[in-house]
Amino acid sequence: MHLLRPKDFRAVFQSARKARAYGIIFLFRPNDVGYPRLGFAVAKKHIPTAIGRNKLKRRVRESFRLQASTLPAIDLVVLSQKGIDDFDKTETWRCLNKVWQKCLQQCEQ
RNA sequence: GGAGUUGGCCAGGCAAUCGCUGCGCUAUUAGUAGCGGAGAGGAAAGUCCGGGCUCCAUAGGGAAGGGUGCCAGGUAAUCCCUGGGGGGCGCAAGCCUACGGAAAGUGCCACAGAAAAUAUACCGCCUGCGCAAGCGGGUAAGGGUGAAAUGGUGCGGUAAGAGCGCACCGCGCUGCGGGUAACCGGAGCGGCAGGGCAAACCCCACUCGGAGCAAGGCCAAAUAGGGGUUCUACAGGCGUGUCCCGCGCUGAACCCGGGUAGGCUGCUUGAGCGCGAUGGCGACGUCGCGCCUAGAUGAAUGAUUGCCCACGACAGAACCCGGCUUAUCGGCUGACUCCUUUU
(Lines give C-alpha, C1' and ligand atoms only; values in the text may rest on other atoms or scores of the structure.)
Protein backbone atom coordinates (compact mmCIF):
# COMPACT_ATOMS: atom_id res chain seq x y z
CA MET A 1 0.00 0.00 0.00
CA HIS A 2 2.64 2.51 1.07
CA LEU A 3 5.42 3.75 -1.11
CA LEU A 4 8.56 3.61 1.02
CA ARG A 5 11.95 3.61 -0.64
CA PRO A 6 13.76 6.76 -1.72
CA LYS A 7 14.61 5.02 -4.98
CA ASP A 8 10.92 4.37 -5.68
CA PHE A 9 10.23 8.04 -5.17
CA ARG A 10 13.04 8.89 -7.54
CA ALA A 11 11.58 6.60 -10.17
CA VAL A 12 8.20 8.30 -9.99
CA PHE A 13 9.70 11.79 -10.14
CA GLN A 14 11.82 10.90 -13.16
CA SER A 15 9.13 9.37 -15.38
CA ALA A 16 5.64 10.30 -14.32
CA ARG A 17 2.37 11.39 -15.73
CA LYS A 18 0.66 14.29 -14.09
CA ALA A 19 -2.83 15.22 -12.97
CA ARG A 20 -3.60 18.39 -11.10
CA ALA A 21 -6.43 20.47 -9.70
CA TYR A 22 -6.17 23.60 -7.54
CA GLY A 23 -3.71 22.80 -4.74
CA ILE A 24 -3.00 19.12 -5.41
CA ILE A 25 -0.80 17.33 -7.96
CA PHE A 26 -0.73 13.58 -8.61
CA LEU A 27 2.38 12.03 -10.12
CA PHE A 28 1.97 8.39 -11.20
CA ARG A 29 3.54 5.58 -13.21
CA PRO A 30 2.77 1.87 -13.63
CA ASN A 31 4.59 -0.53 -11.26
CA ASP A 32 5.45 -4.25 -11.16
CA VAL A 33 4.09 -5.20 -7.74
CA GLY A 34 0.51 -5.81 -8.85
CA TYR A 35 -1.28 -3.32 -6.59
CA PRO A 36 -1.40 0.49 -6.28
CA ARG A 37 0.99 2.25 -3.88
CA LEU A 38 0.70 5.71 -2.34
CA GLY A 39 3.35 8.21 -1.19
CA PHE A 40 3.42 11.81 -0.04
CA ALA A 41 5.60 14.84 -0.63
CA VAL A 42 3.94 17.61 1.32
CA ALA A 43 6.04 20.74 1.76
CA LYS A 44 6.29 22.45 5.12
CA LYS A 45 6.23 25.67 3.16
CA HIS A 46 2.72 24.99 1.88
CA ILE A 47 1.32 23.67 5.17
CA PRO A 48 3.30 25.04 8.10
CA THR A 49 1.81 23.01 10.98
CA ALA A 50 2.12 19.29 11.58
CA ILE A 51 -1.60 19.23 12.30
CA GLY A 52 -2.40 20.57 8.84
CA ARG A 53 -0.08 18.11 7.08
CA ASN A 54 -1.57 15.18 8.96
CA LYS A 55 -5.07 16.36 8.08
CA LEU A 56 -4.30 16.48 4.35
CA LYS A 57 -2.60 13.08 4.38
CA ARG A 58 -5.57 11.52 6.16
CA ARG A 59 -8.04 12.91 3.66
CA VAL A 60 -5.96 11.77 0.72
CA ARG A 61 -5.38 8.36 2.25
CA GLU A 62 -9.12 7.95 2.86
CA SER A 63 -9.97 8.82 -0.75
CA PHE A 64 -7.19 6.48 -1.96
CA ARG A 65 -8.77 3.70 0.07
CA LEU A 66 -12.18 4.37 -1.52
CA GLN A 67 -10.67 4.35 -5.03
CA ALA A 68 -8.30 1.42 -4.47
CA SER A 69 -10.54 -1.28 -5.95
CA THR A 70 -10.88 0.57 -9.26
CA LEU A 71 -7.23 1.52 -9.62
CA PRO A 72 -4.68 -0.24 -11.81
CA ALA A 73 -1.21 -1.11 -10.44
CA ILE A 74 0.46 2.32 -10.24
CA ASP A 75 2.85 4.14 -7.96
CA LEU A 76 1.30 7.46 -6.95
CA VAL A 77 2.97 10.45 -5.28
CA VAL A 78 0.83 13.30 -3.97
CA LEU A 79 2.31 16.78 -4.04
CA SER A 80 0.95 19.85 -2.33
CA GLN A 81 0.79 23.36 -3.75
CA LYS A 82 0.48 26.79 -2.29
CA GLY A 83 -2.99 27.63 -0.99
CA ILE A 84 -3.98 24.10 0.00
CA ASP A 85 -3.71 24.99 3.67
CA ASP A 86 -6.73 27.32 3.41
CA PHE A 87 -9.05 24.56 2.09
CA ASP A 88 -11.75 23.23 4.36
CA LYS A 89 -13.16 19.72 4.36
CA THR A 90 -15.62 20.01 1.43
CA GLU A 91 -13.21 21.99 -0.76
CA THR A 92 -10.53 19.35 -0.31
CA TRP A 93 -12.96 16.59 -1.28
CA ARG A 94 -14.17 18.42 -4.40
CA CYS A 95 -10.59 18.98 -5.41
CA LEU A 96 -9.62 15.34 -4.84
CA ASN A 97 -12.56 14.03 -6.89
CA LYS A 98 -11.46 16.18 -9.80
CA VAL A 99 -7.88 14.90 -9.69
CA TRP A 100 -9.01 11.28 -9.51
CA GLN A 101 -11.15 11.76 -12.61
CA LYS A 102 -8.22 13.15 -14.62
CA CYS A 103 -5.91 10.47 -13.30
CA LEU A 104 -8.22 7.60 -14.24
CA GLN A 105 -8.78 9.03 -17.72
CA GLN A 106 -5.05 9.09 -18.33
CA CYS A 107 -4.65 5.55 -17.04
CA GLU A 108 -7.20 4.23 -19.54
CA GLN A 109 -5.35 5.72 -22.50
C1' G B 1 -25.05 44.76 42.33
C1' G B 2 -20.36 46.88 40.30
C1' A B 3 -14.90 47.03 39.97
C1' G B 4 -10.64 44.11 40.91
C1' U B 5 -6.85 40.29 42.75
C1' U B 6 -5.61 35.22 42.83
C1' G B 7 -5.79 29.55 42.56
C1' G B 8 -7.89 25.09 40.24
C1' C B 9 -10.59 22.35 36.29
C1' C B 10 -12.57 21.51 31.09
C1' A B 11 -10.97 21.91 25.84
C1' G B 12 -17.73 20.33 21.79
C1' G B 13 -21.15 16.00 23.17
C1' C B 14 -24.09 11.55 21.67
C1' A B 15 -25.40 7.64 18.10
C1' A B 16 -24.74 4.59 13.54
C1' U B 17 -21.69 2.74 9.41
C1' C B 18 -16.89 2.14 6.86
C1' G B 19 -11.44 2.30 7.76
C1' C B 20 -6.02 2.72 10.39
C1' U B 21 -1.99 0.93 14.46
C1' G B 22 -0.57 -2.01 18.71
C1' C B 23 -2.36 -5.60 22.60
C1' G B 24 -5.19 -10.16 24.49
C1' C B 25 -7.90 -14.65 23.14
C1' U B 26 -9.46 -18.21 19.39
C1' A B 27 -8.79 -20.40 14.57
C1' U B 28 -4.96 -21.12 10.92
C1' U B 29 0.71 -24.27 7.06
C1' A B 30 3.24 -18.93 6.84
C1' G B 31 0.09 -14.94 4.86
C1' U B 32 -4.29 -13.92 7.56
C1' A B 33 -9.40 -14.02 9.65
C1' G B 34 -12.98 -13.42 13.78
C1' C B 35 -14.10 -11.48 18.64
C1' G B 36 -12.84 -8.22 22.78
C1' G B 37 -10.53 -4.00 24.49
C1' A B 38 -7.03 0.43 23.91
C1' G B 39 -5.26 4.54 20.97
C1' A B 40 -2.20 12.51 21.18
C1' G B 41 -1.83 17.67 24.58
C1' G B 42 -2.52 21.42 28.31
C1' A B 43 0.72 23.05 26.05
C1' A B 44 2.37 17.01 22.68
C1' A B 45 5.59 23.23 20.82
C1' G B 46 10.26 26.31 21.85
C1' U B 47 14.64 23.09 23.31
C1' C B 48 15.72 27.46 27.90
C1' C B 49 17.21 24.61 32.60
C1' G B 50 17.48 19.98 35.68
C1' G B 51 17.70 14.61 36.09
C1' G B 52 17.16 9.24 34.58
C1' C B 53 19.18 6.05 30.68
C1' U B 54 23.30 5.06 26.97
C1' C B 55 28.08 5.44 24.97
C1' C B 56 33.08 7.84 24.78
C1' A B 57 39.84 7.76 25.24
C1' U B 58 41.32 8.88 32.95
C1' A B 59 35.44 10.88 34.09
C1' G B 60 42.49 12.19 37.90
C1' G B 61 45.42 17.19 38.87
C1' G B 62 46.00 22.31 37.16
C1' A B 63 44.61 26.38 34.02
C1' A B 64 41.01 28.50 30.91
C1' G B 65 35.81 28.86 30.17
C1' G B 66 30.54 28.47 31.59
C1' G B 67 26.61 28.71 35.35
C1' U B 68 24.46 30.39 40.00
C1' G B 69 24.33 34.82 43.57
C1' C B 70 19.29 37.80 50.44
C1' C B 71 17.98 33.43 54.03
C1' A B 72 15.75 28.68 55.22
C1' G B 73 13.32 24.52 53.39
C1' G B 74 11.32 20.93 49.37
C1' U B 75 13.18 17.51 45.67
C1' A B 76 16.45 12.46 42.02
C1' A B 77 17.96 17.44 40.58
C1' U B 78 17.58 22.60 39.02
C1' C B 79 18.39 28.78 36.97
C1' C B 80 12.31 25.34 39.52
C1' C B 81 8.78 25.39 43.74
C1' U B 82 7.32 26.80 48.96
C1' G B 83 7.88 29.86 53.29
C1' G B 84 10.43 34.10 55.30
C1' G B 85 13.48 38.97 55.17
C1' G B 86 14.91 43.77 52.62
C1' G B 87 13.38 47.31 48.68
C1' G B 88 9.52 49.29 45.16
C1' C B 89 4.11 49.87 43.42
C1' G B 90 -1.17 49.77 44.93
C1' C B 91 -6.72 52.57 49.35
C1' A B 92 -6.66 47.11 49.69
C1' A B 93 -6.68 41.85 48.20
C1' G B 94 -2.13 41.48 45.98
C1' C B 95 1.96 42.19 42.40
C1' C B 96 7.26 43.05 40.96
C1' U B 97 12.35 42.32 42.52
C1' A B 98 20.14 38.92 38.97
C1' C B 99 18.71 41.39 45.98
C1' G B 100 27.06 39.32 47.29
C1' G B 101 31.38 43.11 46.75
C1' A B 102 32.23 50.07 44.27
C1' A B 103 38.77 53.24 50.03
C1' A B 104 41.67 45.66 45.25
C1' G B 105 42.29 47.53 40.35
C1' U B 106 40.65 49.00 35.26
C1' G B 107 36.76 51.18 32.44
C1' C B 108 32.15 54.02 31.25
C1' C B 109 28.62 58.12 32.63
C1' A B 110 25.45 60.93 25.80
C1' C B 111 23.19 66.09 25.87
C1' A B 112 23.16 70.02 29.18
C1' G B 113 26.24 72.07 32.88
C1' A B 114 31.48 75.79 36.07
C1' A B 115 32.27 70.81 37.41
C1' A B 116 30.38 63.62 36.12
C1' A B 117 34.90 62.40 40.39
C1' U B 118 42.44 63.68 40.17
C1' A B 119 38.05 67.68 41.28
C1' U B 120 36.05 72.35 40.58
C1' A B 121 33.15 77.70 40.79
C1' C B 122 28.83 80.31 35.78
C1' C B 123 25.21 83.63 38.25
C1' G B 124 25.25 84.91 43.26
C1' C B 125 26.64 86.23 48.70
C1' C B 126 30.59 88.60 51.85
C1' U B 127 35.07 91.35 51.92
C1' G B 128 39.84 94.40 50.31
C1' C B 129 41.44 98.03 46.51
C1' G B 130 39.31 101.45 43.02
C1' C B 131 35.26 107.42 41.15
C1' A B 132 33.66 103.47 37.99
C1' A B 133 34.41 99.34 34.75
C1' G B 134 36.95 95.75 37.03
C1' C B 135 40.82 92.95 39.78
C1' G B 136 42.31 89.93 44.25
C1' G B 137 40.57 86.94 48.45
C1' G B 138 36.70 84.09 51.29
C1' U B 139 32.25 80.88 50.60
C1' A B 140 29.24 76.57 48.51
C1' A B 141 23.62 78.64 52.04
C1' G B 142 20.43 80.45 47.30
C1' G B 143 19.80 80.22 41.57
C1' G B 144 20.73 77.51 37.10
C1' U B 145 22.05 72.24 34.24
C1' G B 146 21.13 67.18 34.49
C1' A B 147 18.72 60.59 35.23
C1' A B 148 22.38 61.69 39.01
C1' A B 149 26.06 67.34 42.00
C1' U B 150 30.27 65.61 47.75
C1' G B 151 24.46 63.65 53.60
C1' G B 152 18.68 65.68 54.96
C1' U B 153 15.63 69.08 58.34
C1' G B 154 15.84 72.69 62.23
C1' C B 155 18.54 75.83 65.63
C1' G B 156 23.05 78.15 66.87
C1' G B 157 27.10 80.42 64.67
C1' U B 158 29.46 83.98 61.00
C1' A B 159 31.69 89.59 57.37
C1' A B 160 29.09 85.97 54.31
C1' G B 161 29.13 80.91 55.00
C1' A B 162 30.36 75.80 55.88
C1' G B 163 29.17 69.12 60.31
C1' C B 164 32.12 74.64 62.25
C1' G B 165 28.88 73.12 66.77
C1' C B 166 24.19 70.83 68.68
C1' A B 167 19.30 67.81 68.28
C1' C B 168 16.68 64.19 65.30
C1' C B 169 17.11 61.04 60.83
C1' G B 170 20.83 58.68 57.75
C1' C B 171 26.07 56.37 57.87
C1' G B 172 30.12 53.42 60.42
C1' C B 173 31.85 50.60 64.81
C1' U B 174 30.87 47.86 69.51
C1' G B 175 27.68 45.46 73.11
C1' C B 176 22.39 43.87 74.29
C1' G B 177 17.40 41.53 73.09
C1' G B 178 14.40 38.51 69.37
C1' G B 179 15.05 35.00 65.22
C1' U B 180 17.90 28.35 62.72
C1' A B 181 19.20 32.39 59.33
C1' A B 182 18.52 36.57 56.03
C1' C B 183 17.20 40.37 59.20
C1' C B 184 14.57 43.35 62.91
C1' G B 185 14.39 46.34 67.54
C1' G B 186 16.92 49.28 70.91
C1' A B 187 21.60 51.38 73.56
C1' G B 188 26.45 53.59 73.58
C1' C B 189 30.47 55.69 70.89
C1' G B 190 32.48 58.00 66.48
C1' G B 191 32.48 61.72 63.32
C1' C B 192 30.65 63.34 58.17
C1' A B 193 35.17 59.69 55.89
C1' G B 194 35.59 60.47 47.97
C1' G B 195 28.07 59.82 43.28
C1' G B 196 26.22 55.90 39.99
C1' C B 197 26.93 51.49 36.73
C1' A B 198 29.43 44.98 38.56
C1' A B 199 22.42 41.46 33.28
C1' A B 200 31.00 46.38 32.03
C1' C B 201 35.74 43.75 32.83
C1' C B 202 36.70 42.03 37.52
C1' C B 203 36.93 40.11 42.95
C1' C B 204 34.64 36.57 46.39
C1' A B 205 31.70 32.03 47.50
C1' C B 206 29.50 27.62 45.56
C1' U B 207 29.19 24.60 41.24
C1' C B 208 29.98 22.16 36.13
C1' G B 209 33.78 15.84 31.95
C1' G B 210 31.67 15.46 26.85
C1' A B 211 28.05 13.82 23.52
C1' G B 212 23.24 12.31 22.76
C1' C B 213 17.82 7.17 21.20
C1' A B 214 20.27 9.36 14.21
C1' A B 215 22.66 7.34 22.07
C1' G B 216 23.66 2.24 22.18
C1' G B 217 22.91 -3.25 21.26
C1' C B 218 21.72 -7.58 17.94
C1' C B 219 20.94 -10.20 13.01
C1' A B 220 22.96 -9.70 8.47
C1' A B 221 23.38 -9.33 1.05
C1' A B 222 27.81 -6.46 -0.71
C1' U B 223 32.86 -4.72 -0.41
C1' A B 224 37.81 -4.31 1.91
C1' G B 225 41.55 -6.99 4.90
C1' G B 226 41.40 -6.46 9.45
C1' G B 227 39.23 -6.79 14.44
C1' G B 228 39.08 -8.23 19.76
C1' U B 229 41.42 -9.57 24.64
C1' U B 230 45.70 -9.60 27.94
C1' C B 231 50.70 -7.83 29.25
C1' U B 232 54.23 -3.78 28.78
C1' A B 233 60.08 -0.36 29.53
C1' C B 234 62.74 4.14 27.32
C1' A B 235 63.09 7.34 23.07
C1' G B 236 60.70 8.98 18.70
C1' G B 237 56.16 9.39 15.98
C1' C B 238 50.81 9.55 15.86
C1' G B 239 46.11 10.43 18.42
C1' U B 240 43.45 13.19 22.25
C1' G B 241 36.00 16.10 21.94
C1' U B 242 39.08 23.93 25.10
C1' C B 243 44.53 23.69 26.63
C1' C B 244 48.73 21.61 29.70
C1' C B 245 50.40 17.58 32.86
C1' G B 246 48.95 13.08 31.86
C1' C B 247 46.69 9.09 29.14
C1' G B 248 45.99 5.80 24.75
C1' C B 249 48.11 3.60 20.18
C1' U B 250 52.44 2.09 17.38
C1' G B 251 55.62 -3.55 20.43
C1' A B 252 54.70 -8.87 22.11
C1' A B 253 51.41 -13.10 23.06
C1' C B 254 46.68 -15.41 22.40
C1' C B 255 41.89 -15.65 19.94
C1' C B 256 38.54 -15.17 15.39
C1' G B 257 34.86 -13.68 11.52
C1' G B 258 34.06 -8.49 9.91
C1' G B 259 29.39 -5.04 9.30
C1' U B 260 27.53 -1.17 4.27
C1' A B 261 22.17 -1.53 2.22
C1' G B 262 18.18 -3.52 4.92
C1' G B 263 15.75 -5.63 9.26
C1' C B 264 15.11 -6.29 14.65
C1' U B 265 15.82 -4.06 19.37
C1' G B 266 16.25 0.08 22.64
C1' C B 267 10.19 1.27 23.27
C1' U B 268 7.37 1.84 27.53
C1' U B 269 5.61 -0.19 34.83
C1' G B 270 7.20 4.86 35.67
C1' A B 271 11.07 9.82 40.83
C1' G B 272 3.44 6.56 37.32
C1' C B 273 -1.90 7.74 38.31
C1' G B 274 -6.46 7.80 41.55
C1' C B 275 -8.71 7.59 46.46
C1' G B 276 -8.18 7.66 51.75
C1' A B 277 -5.38 8.44 56.32
C1' U B 278 -1.47 11.11 58.53
C1' G B 279 2.99 14.86 59.56
C1' G B 280 3.99 19.99 57.92
C1' C B 281 1.88 27.30 57.63
C1' G B 282 3.35 25.41 52.71
C1' A B 283 6.23 23.23 48.56
C1' C B 284 6.23 18.20 49.88
C1' G B 285 6.93 13.59 52.72
C1' U B 286 5.11 8.76 54.86
C1' C B 287 1.55 4.72 55.01
C1' G B 288 -2.69 1.77 53.12
C1' C B 289 -5.91 0.25 49.09
C1' G B 290 -6.92 0.19 43.94
C1' C B 291 -5.53 0.82 38.63
C1' C B 292 -2.32 -0.22 33.91
C1' U B 293 -3.35 4.60 30.94
C1' A B 294 -0.35 5.52 22.91
C1' G B 295 4.11 3.14 21.35
C1' A B 296 3.82 4.70 15.46
C1' U B 297 8.68 4.23 12.28
C1' G B 298 7.12 7.51 4.53
C1' A B 299 5.23 7.64 10.81
C1' A B 300 -1.50 5.01 13.29
C1' U B 301 -6.90 8.78 16.00
C1' G B 302 -9.84 9.63 10.07
C1' A B 303 -14.29 9.83 6.83
C1' U B 304 -19.69 9.95 5.99
C1' U B 305 -24.58 10.84 8.11
C1' G B 306 -28.14 12.47 11.93
C1' C B 307 -29.40 15.27 16.48
C1' C B 308 -28.15 19.06 20.33
C1' C B 309 -25.62 23.49 22.11
C1' A B 310 -22.40 28.25 24.24
C1' C B 311 -21.25 27.04 16.84
C1' G B 312 -15.76 24.95 18.72
C1' A B 313 -9.11 28.60 19.85
C1' C B 314 -3.91 27.21 19.90
C1' A B 315 -2.39 23.05 17.98
C1' G B 316 -0.10 16.26 16.73
C1' A B 317 3.52 11.85 21.07
C1' A B 318 8.77 10.04 18.38
C1' C B 319 13.62 7.43 24.72
C1' C B 320 11.27 8.94 29.45
C1' C B 321 10.29 12.26 33.52
C1' G B 322 10.38 17.29 36.67
C1' G B 323 10.13 22.57 35.67
C1' C B 324 10.29 27.27 32.80
C1' U B 325 8.72 30.10 28.53
C1' U B 326 5.58 31.01 24.42
C1' A B 327 0.45 30.23 21.56
C1' U B 328 -4.80 29.84 22.87
C1' C B 329 -12.29 30.85 21.02
C1' G B 330 -14.51 30.22 25.26
C1' G B 331 -16.83 27.83 29.67
C1' C B 332 -17.15 26.17 34.99
C1' U B 333 -15.57 26.93 39.96
C1' G B 334 -12.98 28.18 45.07
C1' A B 335 -10.87 32.14 48.09
C1' C B 336 -10.06 37.28 49.00
C1' U B 337 -10.18 43.03 48.52
C1' C B 338 -12.57 47.84 47.60
C1' C B 339 -17.09 50.67 46.52
C1' U B 340 -22.42 51.02 46.53
C1' U B 341 -27.47 49.48 47.84
C1' U B 342 -31.10 46.92 50.99
C1' U B 343 -32.52 44.59 55.67
Side-chain angles (χ1 to χ4, degrees):
Chain A
M1 280 295 261
H2 290 343
L3 190 58
L4 295 172
R5 307 269 174 270
K7 64 177 181 188
D8 295 334
F9 270 82
R10 227 176 297 124
V12 174
F13 279 117
Q14 275 168 4
S15 61
R17 297 215 251 172
K18 220 189 265 187
R20 62 188 294 177
Y22 311 111
I24 293 177
I25 305 179
F26 281 11
L27 298 176
F28 55 95
R29 69 188 287 271
N31 66 26
D32 307 326
V33 293
Y35 53 85
R37 295 190 296 186
L38 178 67
F40 291 97
V42 180
K44 209 170 187 176
K45 198 169 147 194
H46 299 147
I47 307 177
T49 64
I51 289 274
R53 288 192 294 279
N54 275 339
K55 213 165 256 179
L56 179 71
K57 284 190 220 170
R58 282 165 187 162
R59 283 170 185 162
V60 173
R61 213 175 283 129
E62 172 69 10
S63 77
F64 178 80
R65 190 178 63 80
L66 294 171
Q67 299 280 348
S69 55
T70 65
L71 280 177
I74 55 169
D75 285 342
L76 176 70
V77 173
V78 178
L79 293 176
S80 63
Q81 278 190 303
K82 214 168 132 190
I84 186 74
D85 198 31
D86 302 327
F87 282 21
D88 65 10
K89 218 164 45 177
T90 51
E91 284 176 311
T92 310
W93 278 112
R94 204 182 310 134
C95 175
L96 278 171
N97 285 335
K98 203 151 196 168
V99 190
W100 278 119
Q101 261 177 18
K102 291 186 181 177
C103 177
L104 289 172
Q105 273 174 14
Q106 287 193 44
C107 286
E108 284 167 16
Q109 286 166 6

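Treat the numbers as computed from the prediction; the structure is a model and nothing was measured. Order of the sequence lines sets the chain letters (A, B, ...), proteins ahead of strands, with each chain counted from 1.
As a whole-Å value, the separation of K57(A) NZ from rG316(B) P is 13 Å. Atom P of nucleotide rG298(B) and atom CZ of R53(A) are separated by 16 Å, given to the nearest angstrom. Following rounding to the nearest Å, F40(A) (CZ) and rA300(B) (C1') show an atom-to-atom distance of 13 Å. Nucleotide rC20(B) holds its C1' atom 14 Å from the CZ atom of F64(A), rounded to whole Å. At whole-Å resolution of the value, CD1 in I51(A) and P in rG41(B) are 11 Å apart. Rounded to an integer number of Å, the gap from CG of N54(A) to C1' of rA318(B) is 13 Å. Rounded to whole Å, the distance from CD1 on I47(A) to P on rG316(B) is 13 Å.
Atom C1' of rG191(B) sits at a distance of 49 Å from the matching atom of rA283(B), rounded to the whole Å. A distance of about 32 Å separates the P atoms of rC314(B) and rC275(B), rounded to the whole Å. Rounded to whole Å, the C1' atom of rA44(B) lies 34 Å from the corresponding atom of rC219(B). To the nearest whole angstrom, the two C1' atoms, one in rA193(B) and one in rG138(B), are 25 Å apart. Separation of the P atoms belonging to rU145(B) and rG113(B) is 10 Å when rounded to the nearest angstrom. As rounded to the nearest Å, rU293(B) and rG272(B) have C1' atoms that lie 10 Å from one another. With both ends at atom C1', the span from rU26(B) to rC309(B) equals 45 Å, rounded to whole Å. Only the C1' atoms considered, rG22(B) is 9 Å distant from rA300(B), to the nearest whole Å.
Nucleotide rC201(B) has rG105(B) as its partner under the Watson-Crick or G-U criteria, with both atom distances under 3.5 Å. For rG36(B), the paired base is rC23(B) (Watson-Crick or G-U wobble, both distances below 3.5 Å). Using Watson-Crick or G-U wobble geometry with both donor-acceptor distances under 3.5 Å, rA149(B) finds no partner in any strand shown. Using N1 to N3 plus N6-O4 or O6-N4 for Watson-Crick, or N1-O2 and O6-N3 for G-U wobble, each under 3.5 Å, rA335(B) pairs with rU5(B). If you check rG41(B) for Watson-Crick or wobble pairing at under 3.5 angstrom, you find it paired to rC314(B). When both pairing distances are held under 3.5 Å, rU82(B) makes a Watson-Crick or G-U pair with rA72(B). Base pairing analysis places rC254(B) opposite rG228(B); the two distances defining the Watson-Crick or G-U wobble pair are each below 3.5 Å. When both pairing distances are held under 3.5 Å, rG241(B) makes no Watson-Crick or G-U pair with any nucleotide shown.
Anti is the conformation of rG172(B), whose glycosidic angle sits further than 90° from 0. In rU54(B) the O4'-C1'-N dihedral to the base is more than 90° from 0, which defines an anti nucleotide. rA112(B) has its base anti relative to the sugar, with a glycosidic angle deviating from 0 by more than 90°. The glycosidic torsion of rG42(B) lies within 90° of 0, which places this base in the syn conformation. Base orientation of rG52(B): anti, since the glycosidic angle falls outside 90° of 0.
Taking the six-membered ring where tryptophan is involved, the planes of W100(A) and F64(A) are tilted, since the angle between them lies from 30° to 60°.
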Without placing hydrogens or testing angles, list every side-chain donor-acceptor pair under 3.5 Å for residues 51-59 of chain A, not counting sequence neighbours.
residue, atom, partner, partner atom, Å
R53(A), NH1, I47(A), O, 2.8
R53(A), NH1, P48(A), O, 3.3

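In terms of the side-chain contact (heavy atoms from CB on, under 4.5 Å) criterion, residue partners of K102(A) (sequence neighbours excluded) are, by chain and number, A19(A).
Screening V60(A), L79(A), V77(A), L76(A) for a side chain to side chain contact (heavy atoms under 4.5 Å, CB included) with F40(A), the sole residue that qualifies is V60(A).
Scanning both residues, L27(A) and K18(A), for their nearest heavy atoms gives CD2-CG, 3.5 Å.
Side-chain contact check for F26(A) versus V78(A): some heavy-atom pair is nearer than 4.5 Å.
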Give each protein N/O atom lying under 3.5 Å from an N/O atom of nucleotides 302-306 of chain B, with the pair distance.
residue, atom, partner, partner atom, Å
rA303(B), O3', W93(A), NE1, 3.3
rU304(B), OP1, W93(A), NE1, 3.1

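Considering only side-chain N and O atoms, R61(A) lies nowhere under 4.0 angstrom from the phosphate OP1 or OP2 of rG298(B).
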